[in-house]
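Quick notes on the structure that follows.
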Amino acid sequence: MHEDLFLLQNASFRFPEDAKNTLNGVSFSVRQGEKLVISGPSGSGKSTLLYLLNRLYPANCDGIVGGEIRLFGKQADEYMPGEINHRVATVFQDPDSQFCMPTVEEELAFTLENLHIPRIAMEGRIAEVLELTGLSALRHSIIQSLSSGMKQRVATACALAMKPEVLLLDEPLSHLDPFTAQQFIIWLDGLQKKAGLTVIAVEHRLDLWDAFFDRELSMGRSGRITADELFQPKNPVLFPERVSAVESSTALAVDQVSVEIKNKKLLSSLSFEAKRGEVLVIAGPNGSGKSTLLKALCGIYKRSSGTIQSSGIGYVPQSPEFLFLAQTVEKELAFSGTSSPSEVAELLDRLALVQLKDAHPFSVSHGQKRRVAIGAMLADNHPVLLMDEPTSGQDSAALQELFALIHERVQEGLTFLIVTHDMEFAAAVADSVLLIKDGKMTGKFSASEVWGDEQLLASHQLLPPKGADRYAGSFA
């Protein structure tokens with residue numbers, strides 16, 4: 001008979017520096033072997049709830065907990081620090097936050113050492129988990145040299161090395177290309193069935209998971225549960241059609257650009273142009289060089305060869321906190337002084353940041369941090385804006401608003417280069433698509449040409465966007 005692994009009764013949580021609770025009156029249970037997804041808008045407390053289940057909160061933040069929380073039949077506050085972590089493993093939104101060692105093998109060994117696994121048993125455990133996760137070839141790789149998608153797989157491997165009863169996943173697909181995401185779900189489904197693993201995931205892109213989950217717990221902006229029901233497969237977010245605003249003048253010219261770091265060629269002789277008012281989506285497999293290209297364009301990575309011509313470039317990275325310079329969200333958007341106070345106020349409103357305008361940018365959720373960074377770059381009015389995975393951590397309302405903001409700005413002549421694995425968003429916004437694989441450019445294509453070529457997409461580990469034919473006429 002299945003038993004309750006987790007039981008929460010009228011649970012609440014508040015960070016010490018906040019006046020209001022992040023979670024309010026939360027009551028639910030999770031039984032052994034269940035596959036539960038926690039959904040809801042950004043900032044509704046989804047990740048906070050996940051971290052109550054692994055005792056990260058309140059142990060690591062002095063948070064204030066109310067109500068009853070029982071883990072494996074025992075009061076949560078009766079556990080010693082770290083005691084529960086061999087039973088509950090966690091993969092975080094940002095895999096970099098949980099790495100301590102330089103190589104994949106050393107990170108796995110470090111995980112097992114913390115569990116007091118005898119050294120003689122480590123070799124077999126490490127080889128087993130590397131094989132399961134398809135990472136055997138990367139055993140001796142430097143973790144920080146890997147793409148974000150590969151880092152996510154390493155983080156998952158470290159969690160599975162613990163042989164946990166429960167696996168907590170915080171937006172595990174956000175940095176994975178569509179094919180890899182699909183394969184991850186298939187693999188996780190087989191693993192769950194084989195091991196009887198309990199899986200609890202925080203996720204926005206529910207359409208990618210088909211019928212994987214048993215239950216869906218929906219959170220509202222007040223930090224309360226709004227629904228607890230059987231999971232039903234979801235459709236992707238639908239966006240309005242838009243009219244292309246591409247002009248004849250060139251906003252960005254890239255000629256024979258290469259990047260080599262420590263004798264490793266990351267990009268090889270890329271050449272392309274982006275026009276004024278163009279939305280260019282950059283797509284390809286994890287590790288293909290997409291983020292490297294953006295970093296080369298904005299000067300973070302030094303070019304080994306080639307030239308870049310542009311009148312000004314802004315950049316929103318995958319880890320948006322690297323941009324933050326101000327003490328509040330509002331001051332961050334106003335930092336450059338390029339936009340007027342009324343324009344900053346409008347961006348705060350449209351990006352659903354008004355209630356957070358006095359909050360420190362580092363204190364908000366992952367999805368909200370990304371919107372702060374996007375708002376700051378839009379407020380700077382750069383003629384060319386680079387965005388690396390801007391849809392990560394965003395709920396459907398935020399995606400719709402981001403689409404609208406991009407649509408409006410291209411009408412004003414701004415040019416966007418967007419790295420994304422969200423094929424539905426890409427199909428909605430793109431005028432053209434730049435495909436990259438193994439650090440080499442396959443080519444620059446019109447968007448409608450790419451979405452209809454399943455063979456071309458498959459060769460770049462991409463899947464046809466659902467409903468892409470809705471947008472085909474918009475780019476004629």
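Not measured: the values here are computed from a predicted model.
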Fill in: Set of side chain to side chain contact (heavy atoms under 4.5 Å, CB included) partners for L7, sequence neighbours left out
Q9, S29, R70
Discussion item. Could you measure the distance from the CD atom of Q318 to the CE atom of M387? Nearest 0.5 Å is fine.
Written reply: 14.0 Å
Item to complete: Identify the heavy atoms of E83 and E78 that sit nearest to each other, and give their distance.
Response: OE1-O, 4.3 Å
Item to complete: Apply the test ring-ring contact (aromatic ring centres under 6.0 Å, His included) to residues F92 and Y51: give CA-CA distance (whole Å), side-chain angles for both, the deciding distance (0.1 Å), then the verdict.
Response: CA-CA 10 Å; F92 296 94; Y51 301 156; 5.5 Å; yes
Discussion item. Using side-chain heavy atoms (C-beta onward) and a distance below 4.5 Å, is F416 in contact with V429?
Written reply: no
Worksheet item: D388 and K295: salt bridge (charged side-chain N to carboxylate O under 4.0 Å, His left out), yes or no, with the steps?
Response: CA-CA 10 Å; D388 199 349; K295 290 175 181 178; over 6 Å; no
Discussion item. Between T420 and P390 (side chain of the first, backbone of the second, donor and acceptor by atom type, cut-off under 3.5 Å), is there such a pair?
Written reply: no
Worksheet item: For the atom pair CG (L108) and CD1 (I117), what is the distance rounded to the nearest 0.5 Å?
Response: 12.5 Å
Discussion item. Looking at Y79 and L71, would you say the former's side chain and the latter's main chain have a donor-acceptor pair under 3.5 Å?
Written reply: yes
Worksheet entry | E131 atom CD, neighbour heavy-atom count above 12 within 6.0 Å | no
Fill in: H460 side chain vs L462 backbone, donor-acceptor pair below 3.5 Å
no
Discussion item. If you count heavy atoms of other groups shown closer than 6.0 angstrom to NZ of K74, is the number above 12?
Written reply: yes
Practice prompt. Applying ring-ring contact (aromatic ring centres under 6.0 Å, His included), run through F324 and F322 and close with a yes or a no.
Written response: CA-CA 6 Å; F324 298 153; F322 292 151; 9.6 Å; no
Worksheet, complete the sentence: Rounding to 0.5 Å, atoms CD (Q355) and CG (D349) come to a distance of 10.5 Å
Fill in: K290 side-chain N/O to G284 backbone N/O, donor-acceptor pair under 3.5 Å
yes
Practice prompt. Determine the minimum heavy-atom distance between Q152 and P172, stating which atoms define it.
Written response: NE2-O, 3.2 Å
Discussion item. Set out, in order, the CA-CA distance, both residues' side-chain angles and the distance that settles side chain to side chain contact (heavy atoms under 4.5 Å, CB included) for T90 and D170, then state yes or no.
Written reply: CA-CA 8 Å; T90 307; D170 199 349; 5.8 Å; no
Worksheet item: Does atom CG of N114 have more than 12 heavy-atom neighbours from other groups under 6.0 Å away?
Response: yes
Worksheet item: Would you say H421's side chain and P178's backbone share a donor-acceptor pair under 3.5 angstrom?
Response: no
Discussion item. Quick one, R139 with E123, criterion salt bridge (charged side-chain N to carboxylate O under 4.0 Å, His left out). Give me CA distance, side-chain angles, the key distance, then yes/no.
Written reply: CA-CA 12 Å; R139 178 169 185 152; E123 171 60 33; 2.8 Å; yes
Worksheet item: So, Q144 side chain and P102 main chain: donor-acceptor pair closer than 3.5 Å or not?
Response: no
Fill in: side-chain hydrogen bond (donor to acceptor under 3.5 Å, both in side chains) evaluation trace for T180 with Q461
CA-CA 7 Å; T180 303; Q461 297 191 195; 3.1 Å; yes
Worksheet item: Measuring from I261:CD1 to L266:CG, what's the distance to the nearest 0.5 Å?
Response: 5.0 Å
Practice prompt. Please report the shortest heavy-atom distance between I225 and S27, naming the atom on each side.
Written response: CD1-O, 3.6 Å
Fill in: Aromatic ring pairing F13/Y57, orientation class (parallel under 30°, perpendicular over 60°, tilted between)
parallel
Worksheet item: Is there a donor-acceptor contact under 3.5 Å from the side chain of E330 to the main chain of D358?
Response: no
Practice prompt. Identify the heavy atoms of S174 and E389 that sit nearest to each other, and give their distance.
Written response: O-OE1, 4.0 Å
Worksheet item: Are the side chains of L457 and V450 in touch, meaning some heavy atoms are under 4.5 Å apart?
Response: yes
Worksheet item: Quick one: CG on N10 to CG on L23, what's the gap to the nearest 0.5 Å?
Response: 11.5 Å
Practice prompt. Taking atom CD1 of I120 as the centre, report whether more than 12 heavy atoms of other residues, nucleotides or ligands fall under 6.0 Å from it.
Written response: no
Worksheet, complete the sentence: Heavy-atom nearest pair, N54 first then I84, reads O-CG2, 3.6 Å
Discussion item. Run the salt bridge (charged side-chain N to carboxylate O under 4.0 Å, His left out) test on K369 and E332 for me, step by step, so that the C-alpha distance in whole Å, both residues' side-chain angles and the decisive distance to 0.1 Å come before the verdict.
Written reply: CA-CA 11 Å; K369 286 177 183 175; E332 191 65 47; over 6 Å; no
Worksheet item: Taking C-beta and beyond as the side chain, do I185 and L173 meet within less than 4.5 Å on heavy atoms?
Response: yes
Practice prompt. Determine, stepwise, if the pair R350 / E401 fulfils salt bridge (charged side-chain N to carboxylate O under 4.0 Å, His left out).
Written response: CA-CA 7 Å; R350 298 193 63 178; E401 198 56 63; 2.7 Å; yes
Item to complete: Dump the intermediate steps for side chain to side chain contact (heavy atoms under 4.5 Å, CB included) on E107 and C100, then the final yes or no.
Response: CA-CA 7 Å; E107 186 66 33; C100 299; 4.2 Å; yes
Fill in: Test item: E34 side-chain N/O and Q32 main-chain N/O as donor-acceptor pair under 3.5 Å
no
Fill in: Over 12 foreign heavy atoms within 6.0 Å of NZ, K331
no
Discussion item. Is any side-chain heavy atom of K35 closer than 4.5 Å to one of D189?
Written reply: yes
Worksheet item: Any side-chain heavy-atom pair from D77 and V65 closer than 4.5 angstrom?
Response: no
Fill in: Close side-chain approach of V372 and P320, heavy atoms under 4.5 Å
no
Item to complete: Give a yes or no on this: more than 12 heavy atoms of other residues, nucleotides or ligands lie within 6.0 Å of atom NZ of K265.
Response: yes
Discussion item. Do L191 and L167 have side chains that approach each other closer than 4.5 Å (heavy atoms only, starting at C-beta)?
Written reply: no
Response to the item:
When rounded to the nearest 0.5 Å, the distance separating CG of L135 from CD of E105 is 13.0 Å
Worksheet item: Is there a side-chain contact between L405 and L351, using heavy atoms and a 4.5 Å cut-off?
Response: yes
Worksheet item: Would a distance-only check, ignoring hydrogens and angles, find a side-chain to backbone donor-acceptor pair under 3.5 Å from K234 to Q232?
Response: yes
Worksheet item: Does the ring of F72 carry R87 above it, NZ/CZ under 6.0 angstrom from centre and within 45° of its axis?
Response: yes
Worksheet item: Per the side-chain contact (heavy atoms from CB on, under 4.5 Å) rule, which among L217, L206, D214 passes with V37?
Response: L206
Worksheet item: Does the pair F425 and F239 meet the rule for a ring-ring contact (aromatic ring centres under 6.0 Å, His included), with working shown?
Response: CA-CA 8 Å; F425 185 79; F239 300 92; 5.6 Å; yes
Practice prompt. Could you please spell out the steps behind the side chain to side chain contact (heavy atoms under 4.5 Å, CB included) verdict for T198 and E165?
Written response: CA-CA 6 Å; T198 301; E165 298 171 55; over 6 Å; no
Discussion item. Distance alone, cut at 3.5 Å: any donor-acceptor contact between the side chains of Q394 and R370?
Written reply: no
Worksheet item: Shortest non-hydrogen contact from Y315 to L385?
Response: N-CD1, 4.0 Å
Discussion item. Looking at N24 and S222, would you say the former's side chain and the latter's main chain have a donor-acceptor pair under 3.5 Å?
Written reply: yes
